[in-house]
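Structure first, commentary second.
Every value quoted in this text rests on a predicted model; they were computed, and no experiment measured them.
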Amino acid sequence: MSADQEMKPKYKFYLEFPDQWDDVFSYMDNTVTQWCQRRNNTFLKLLDRIIIVGTSVELGVIVPFFFFYLGVDSLAIASAAMMMSLIVVTQIPKRFMWRKRPYMAARAKKLCDGALTSSFPSRAVTCCVVYLYLLSAIIEIVERHEKDPVAPFRLFWTFKFLLFTVWAVCWTSIARVGVGVHYASDCVAGVVQGGLVCYIAETTYYIIVNSCCQGTTLFYADRTLTSHHINWHGLLLATVIGMVVVGALSSDLIQYWKKMHFVLGLLYPVLTGLFLFCCGYHILPRLSLKQVSIPRYILAAALPLLLLAIGRRCLPHSSGRATAVSFLLLHVTGTAFILWHRVYQDFNI
């Protein structure tokens with residue numbers, strides 16, 4: 001097998017990045033790469049490791065679980081809409097558009113491990129934009145929930161927040177280009193992709209809030225869920241649908257994403273919980289928890305981290321069937337933890 005063949009993906013059904021596009025961006029890409037790789041290698045490696053952790057999809061899927069477990073449903077809706085949009089939008093070009101990374105094409109030195117997927121576009125840059133957009137929404141929901149609970153996406157567009165976003169995106173791009181795993185054009189595309197994700201997520205948030213929650217306050221309220229609010233048949237149906245979708249997308253024919261089982265396994269309990277436990281009764285604002293003890297905050301952070309670690313390291317995902325089973329285990333476990341806290345309040349910690 002030639003070196004060129006080894007650098008191509010092992011799955012089927014993909015398009016190669018057009019040579020014409022590569023020619024258009026080549027001068028910018030080569031110039032920026034040479035400039036970034038002149039910097040201190042140790043600094044670039046350290047910065048890249050920090051960015052990989054801070055912009056990982058795995059970190060993002062913990063956030064909706066954390067908020068929904070605690071009962072802060074407004075933040076759970078915002079973060080779930082953001083993460084679902086991120087997962088869907090970013091993986092499509094990653095899976096179906098193949099572009100060799102700079103080190104694969106001998107256009108840069110490789111200064112980090114891994115990075116065997118397509119270069120285009122930069123998901124780290126996309127996540128940087130999306131996570132800062134989500135952070136601005138979280139801050140605004142917390143500060144303004146009593147005044148205007150359904151319009152949380154305005155803080156991002158203030159001058160200071162935009163300036164901070166530009167600064168963060170620049171350093172993220174410098175790190176990813178500097179270690180040889182992305183081109184400058186990948187980072188520009190990542191910014192555009194991030195804007196698309198934010199637009200879709202914001203639209204989804206408003207649709208859910210206005211149609212499901214009747215536009216009322218979504219922060220802490222007076223009542224909790226009971227078992228009578230749970231659509232058990234809907235939960236079973238949603239679980240079966242989730243298994244079928246994950247199994248199909250993870251099959252040998254499609255091989256959509258190797259992280260599918262634990263990413264959706266953590267996000268799916270929140271999605272099913274919001275739509276089946278709450279929205280079906282149009283009383284979501286009255287079902288949020290009123291107050292939460294400190295140990296619950298610790299559990300809310302520790303549980304998804306534990307499930308994430310188990311999903312990444314312990315559960316099989318070598319085939320579509322194994323991936324579906326792994327997804328089922330994570331989904332059922334996550335849902336059980338949420339129900340234990342949100343429904344059965346007699347178990348006080």
Distance (rounded to the nearest 0.5 Å) between Tyr183 OH and Met28 CE: 11.5 Å
Contact summary for Ser250 and Thr323, nearest pair of heavy atoms: OG-CG2, 3.2 Å
Is any side-chain heavy atom of Val188 closer than 4.5 Å to one of Phe25? no
Do Leu132 and Phe161 have side-chain heavy atoms sitting under 4.5 Å apart? yes
State whether the side chain of Tyr131 and the backbone N or O of Ser56 hold a donor-acceptor pair below 3.5 Å, judged by distance alone. yes
Verify, without hydrogens or angle tests, whether Arg95 (side chain) and Phe13 (backbone) share a donor-acceptor contact under 3.5 angstrom. yes
Can you find a pair of side-chain heavy atoms, one from Ile52 and one from Arg176, that are under 4.5 Å apart? yes
Heavy-atom distance under 4.5 Å between the side chains of Arg107 and Asp29, does that happen here? yes
Closest non-hydrogen atom pair between Ser119 and Val181, with its separation: OG-O, 3.7 Å
Closest heavy-atom contact between Ile92 and Val88? CG1-O, 3.2 Å
Test: Arg99 and Asp22 ion pair at under 4.0 Å: yes
So, does Ser251 use its side chain to make a donor-acceptor pair with the main chain of Ala248 at under 3.5 Å? yes
Show the nearest heavy-atom pair for residues Phe67 and Ile138, with the distance to one decimal. CE1-CD1, 3.8 Å
With rounding to the nearest 0.5 Å, note down the distance linking OG1 in Thr272 to CG in Leu236. 11.5 Å
Could you tell me how the ring of Trp21 sits relative to the ring of Phe17: parallel (under 30°), tilted (30 to 60°) or perpendicular (over 60°)? perpendicular
Mind checking whether Ile62 and Met84 sit in one hydrophobic cluster, side chains of I, L, V, M, F, W, Y counted as touching below 4.5 Å? yes
Are any of the side-chain heavy atoms of Leu330 and Leu266 separated by less than 4.5 Å? no
The side chain to side chain contact (heavy atoms under 4.5 Å, CB included) partner of Val191 among Thr126, Thr165, Val125, Val166 is Val125
Looking only at heavy atoms, what is the nearest atom pair of Leu111 and Gly178, with distance? CD1-O, 3.4 Å
Give a yes or no on whether the backbone of Ser26 and the side-chain of Asn30 come within a donor-acceptor separation of less than 3.5 Å. yes
My understanding is that only one of Ile87, Leu264, Leu249, Thr90 makes a side chain to side chain contact (heavy atoms under 4.5 Å, CB included) with Trp257; could you say which? Ile87
Report yes if the distance between the aromatic ring centroids of Phe327 and Tyr268 is under 6.0 Å, otherwise no. yes
Between the side chains of Thr117 and Arg101, is a donor N or O closer than 3.5 angstrom to an acceptor N or O? yes
Could you tell me whether the side chain of Lys94 and the main chain of Pro121 form a donor-acceptor pair under 3.5 Å? yes
Out of curiosity, does Ile51 fall in the hydrophobic cluster containing Val177 (side-chain heavy atoms, cut-off under 4.5 Å, transitive links)? no
Can a side-chain donor-acceptor contact be found between Gln91 and Arg123 if the only test is distance below 3.5 angstrom? yes
Any donor and acceptor pair, going by atom type alone, linking the side chain of Ser79 with main-chain N or O of Ala76 inside 3.5 Å? yes
May I ask you to decide if Asp252's main-chain N or O and Gln255's side chain share a donor-acceptor pair within less than 3.5 Å? yes
Grab the two heavy atoms, one from Met83 and one from Pro64, that are nearest each other, plus how far apart they are. CG-CG, 4.1 Å
Taking OH in Tyr14 as the centre, count heavy atoms belonging to other residues, nucleotides or ligands within less than 6.0 Å. Is the count above 12? yes
Test side-chain contact (heavy atoms from CB on, under 4.5 Å) on Val263 and Leu267 and set out the steps. CA-CA 6 Å; Val263 169; Leu267 189 58; 5.6 Å; no
Shared ILVMFWY cluster between Leu134 and Trp167, side chains joined below 4.5 angstrom? yes
Decide yes or no for Ser122 and Ser173: does some side-chain heavy atom of the first lie under 4.5 Å from some side-chain heavy atom of the second? no
Checking Thr55 side chain against Cys127 main chain: does a donor-acceptor pair fall under 3.5 Å? no
